Amino acid sequence: MASLLVLWDVDHTLINAGGVGVQVYERAFRELYSLGVPSVRINMAGRTDRAIAIEMLTVAGLADPHGQVAEFQAVQARHAPTLAPELAARGRVLPGVREVIAAITAGPRPGLRIVQSLLTGNVRELAEVKLSSLGLTEHLDLDAGAYGTESEIRADLVPVARANAARRYGADFSGQATVLVGDTPLDVEAALATGARAVGVGTGGYTAEELLAAGAHAALPDLSDTPQALTAILGPA
């Protein structure tokens with residue numbers, strides 16, 4: 001049986017967290033350094049939490065940001081579960097997401113086994129609380145994905161996810177047997193750099209047209225049209 005690994009980005013692809021996620025940065029800065037987060041605007045779109053944390057530590061003037069990032073992310077991970085009530089109140093699932101994930105799980109392609117997981121810049125604990133707070137974990141194997149503690153470079157997460165999925169399912173997910181679904185050019189770049197298929201969703205700061213221009217194999221304004229989304233993600237029947 002052929003196998004396909006569908007790796008979802010979290011923020012602005014599956015959900016809008018209502019700005020709650022930044023609190024793990026605020027809490028880590030307060031606990032470790034008795035500081036607020038730097039006031040300089042830092043671009044977070046499509047980047048891993050490791051890359052963002054290193055930049056924040058650098059901007060804050062702290063010594064050896066690369067040496068401190070593991071402890072910083074450990075504190076973030078510890079605080080992440082405490083955000084559940086606020087995420088449930090302020091977060092929202094984006095249009096069509098529940099329906100598309102459920103339809104993929106239902107197996108729309110005979111003879112094709114599909115594994116759904118995450119490829120996200122979030123530390124795992126934050127990704128989990130975001131999705132569990134909004135009821136989105138049922139059809140996702142979170143152990144088959146990759147998270148933002150792994151590397152500053154998003155493309156580095158793809159082989160991690162492939163290896164995790166291969167161990168769990170005994171299948172080869174190389175090349176276009178892996179599909180990345182995300183809302184930024186960095187999601188597209190990560191797919192193209194690793195031979196995966198890239199599907200853009202224009203529910204973040206970039207339009208579907210901009211994601212196609214970045215090299216996405218397919219792009220949609222959102223996931224509200226389930227048949228269209230399935231074709232984009234799984235390819236033509």
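Since the structure is predicted, the reported quantities are computational estimates derived from the model, not experimental observations.
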*Asks:* Looking at Asp183 and Asp187, what are the two nearest heavy atoms and their distance?
*Replies:* N-OD2, 3.2 Å

*Asks:* Do Arg154 and Asp9 meet the salt-bridge criterion of a basic N to acidic O distance under 4.0 Å?
*Replies:*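 So Asp9 pairs with Arg154 through a salt bridge.
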
*Asks:* Output, in order, the C-alpha distance, side-chain angles, deciding distance and verdict of side chain to side chain contact (heavy atoms under 4.5 Å, CB included) for Glu55 and Arg47.
*Replies:* CA-CA 11 Å; Glu55 183 174 352; Arg47 300 176 68 198; 2.6 Å; yes

*Asks:* Going only through I, L, V, M, F, W and Y residues with side-chain contacts under 4.5 Å, is there a path from Leu5 to Leu192?
*Replies:*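 In one cluster: no.
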
*Asks:* Are Leu14 and Val22 connected in a single hydrophobic cluster, I mean Ile/Leu/Val/Met/Phe/Trp/Tyr linked by side-chain heavy atoms less than 4.5 Å apart?
*Replies:*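 Result: no, two separate clusters.
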
*Asks:* Parallel, tilted or perpendicular: which fits the ring planes of Phe72 and Phe29, with parallel below 30° and perpendicular above 60°?
*Replies:* perpendicular

*Asks:* Taking side chain as C-beta onward, heavy atoms only, is Leu83 less than 4.5 Å from Gln23?
*Replies:* yes

*Asks:* To the nearest 0.5 Å, what is the distance between OG1 (Thr149) and CG (Leu157)?
*Replies:*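 Atom-to-atom, Thr149:OG1 and Leu157:CG are 8.5 Å apart.
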
*Asks:* Hey, are the side chains of Val59 and Arg41 touching, using non-hydrogen atoms and a 4.5 Å cut-off?
*Replies:* no

*Asks:* Just jot down the salt bridge (charged side-chain N to carboxylate O under 4.0 Å, His left out) partners of Asp49, sequence neighbours excluded, or say none.
*Replies:* none

*Asks:* Looking only at heavy atoms, which two atoms of Ala232 and Ala218 are closest? And how far apart?
*Replies:* CB-CB, 4.0 Å

*Asks:* Under the side-chain hydrogen bond (donor to acceptor under 3.5 Å, both in side chains) rule, what do Arg113 and Ser3 come out as? Steps first, then yes or no, please.
*Replies:* CA-CA 5 Å; Arg113 177 177 61 177; Ser3 297; 3.3 Å; yes

*Asks:* What distance do Leu32 atom CG and Gln76 atom CD have between them, rounded to the nearest 0.5 Å?
*Replies:* 9.5 Å

*Asks:* Quick one: do Leu57 and Tyr33 satisfy side chain to side chain contact (heavy atoms under 4.5 Å, CB included)? Show the steps, please.
*Replies:* CA-CA 10 Å; Leu57 292 168; Tyr33 312 112; 3.6 Å; yes

*Asks:* Kindly give the heavy-atom pair with the smallest separation between Ala53 and Val69, and that separation in Å.
*Replies:* CB-CG2, 3.9 Å

*Asks:* Tell me whether Leu186 shares a hydrophobic cluster with Val158, the cluster being built from Ile, Leu, Val, Met, Phe, Trp, Tyr side chains joined at under 4.5 Å.
*Replies:*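 In one cluster with Leu186: Val158, no.
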
*Asks:* Filter on salt bridge (charged side-chain N to carboxylate O under 4.0 Å, His left out), then keep only pairs touching residues 74-91, sequence neighbours left out; what's left?
*Replies:* Glu31-Arg78, Glu86-Arg90

*Asks:* Let me know which of Leu4, Val115, Leu7 forms a side-chain contact (heavy atoms from CB on, under 4.5 Å) with Phe173.
*Replies:* Val115

*Asks:* For a quick test of reading the model, state the closest non-hydrogen atom pair linking Leu180 to Ala190 and the distance between them.
*Replies:*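 Shortest heavy-atom contact: CD2-CB, 3.9 Å.
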
*Asks:* In a check of side chain to side chain donor-acceptor pair (under 3.5 Å) between Asp11 and each of Asn16, Asn122, Thr184, which one passes?
*Replies:*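 Running side chain to side chain donor-acceptor pair (under 3.5 Å) over Asn16, Asn122, Thr184 with Asp11 returns exactly one hit, Asn122.
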
*Asks:* When you measure from the side chain of Thr105 to the backbone of Ile101, do you find a donor-acceptor pair of N or O atoms at a distance under 3.5 Å?
*Replies:* yes

*Asks:* Is it possible for you to say whether Ile153 and Val160 belong to one hydrophobic cluster, with membership spreading through side-chain heavy-atom contacts below 4.5 Å?
*Replies:* no

*Asks:* Mark yes or no for whether His217, through its side chain, and Ala198, through its backbone, hold a donor-acceptor pair below 3.5 Å.
*Replies:*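 Checked: pair present.
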
*Asks:* Looking at CD1 of Ile52 and OH of Tyr25, how far apart are the two atoms once the value is rounded to the nearest 0.5 Å?
*Replies:*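 Answer for the CD1-OH pair, Ile52 versus Tyr25, is 4.0 Å.
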
*Asks:* Starting from the C-alpha separation in whole Å, work towards a yes-or-no answer on side chain to side chain contact (heavy atoms under 4.5 Å, CB included) for Glu152 and Ile54.
*Replies:* CA-CA 9 Å; Glu152 297 155 57; Ile54 288 171; 3.4 Å; yes

*Asks:* Could you go through the side-chain hydrogen bond (donor to acceptor under 3.5 Å, both in side chains) check for Ser117 and Asp141 one step at a time?
*Replies:* CA-CA 5 Å; Ser117 189; Asp141 181 353; 5.6 Å; no

*Asks:* With side chains defined as the heavy atoms from C-beta onward, is the minimum distance between Leu118 and Leu142 less than 4.5 Å?
*Replies:* yes

*Asks:* Give a yes or no on whether the backbone of His12 and the side-chain of Thr203 come within a donor-acceptor separation of less than 3.5 Å.
*Replies:*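 A pair under 3.5 Å: yes.
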
*Asks:* Where do Val188 and Leu211 come nearest, in terms of heavy atoms and distance?
*Replies:* CG2-O, 4.2 Å

*Asks:* Just so I know, are the side chains of Leu223 and Leu94 near enough to count as touching, which here means a heavy-atom distance under 4.5 Å?
*Replies:*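 Sidechains of Leu94 and Leu223: no contact.
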
*Asks:* For Val123, is there any backbone N or O sitting under 3.5 Å from a side-chain donor or acceptor partner on Gln73?
*Replies:* no

*Asks:* Just by modelled atom types, is the Ala155 backbone N or O under 3.5 Å from a matching donor or acceptor in the Thr194 side chain?
*Replies:* no

*Asks:* Of the non-hydrogen atoms in Leu134 and Arg98, which two are nearest, and what is the gap between them?
*Replies:* O-NH2, 2.8 Å

*Asks:* Between the main-chain N or O of Val6 and the side-chain N or O of Arg197, is there a donor-acceptor pair closer than 3.5 Å?
*Replies:* no

*Asks:* In the single-linkage hydrophobic clustering (I, L, V, M, F, W, Y; side-chain heavy atoms under 4.5 Å), do Ile15 and Val20 co-cluster?
*Replies:*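 No, it is not one cluster - the side chains of Ile15 and Val20 are not joined through contacts under 4.5 Å.
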
*Asks:* Could you walk me through whether Thr178 and Arg162 pass side-chain hydrogen bond (donor to acceptor under 3.5 Å, both in side chains), step by step?
*Replies:* CA-CA 8 Å; Thr178 297; Arg162 282 174 168 154; 3.1 Å; yes

*Asks:* For Glu138, is the CD atom crowded, meaning more than 12 foreign heavy atoms sit under 6.0 Å from it?
*Replies:*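 12 or below, so no.
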
*Asks:* Taking C-beta and beyond as the side chain, do Leu62 and Thr58 meet within less than 4.5 Å on heavy atoms?
*Replies:*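 A side-chain contact under 4.5 Å is absent here.
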
*Asks:* Any donor and acceptor pair, going by atom type alone, linking the side chain of Arg50 with main-chain N or O of Ala70 inside 3.5 Å?
*Replies:*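 Side chain of Arg50 to backbone of Ala70, a donor-acceptor pair under 3.5 Å: no, none is there.
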
*Asks:* Taking it one step at a time, do Leu126 and His79 satisfy side chain to side chain contact (heavy atoms under 4.5 Å, CB included)?
*Replies:* CA-CA 9 Å; Leu126 183 57; His79 282 286; over 6 Å; no

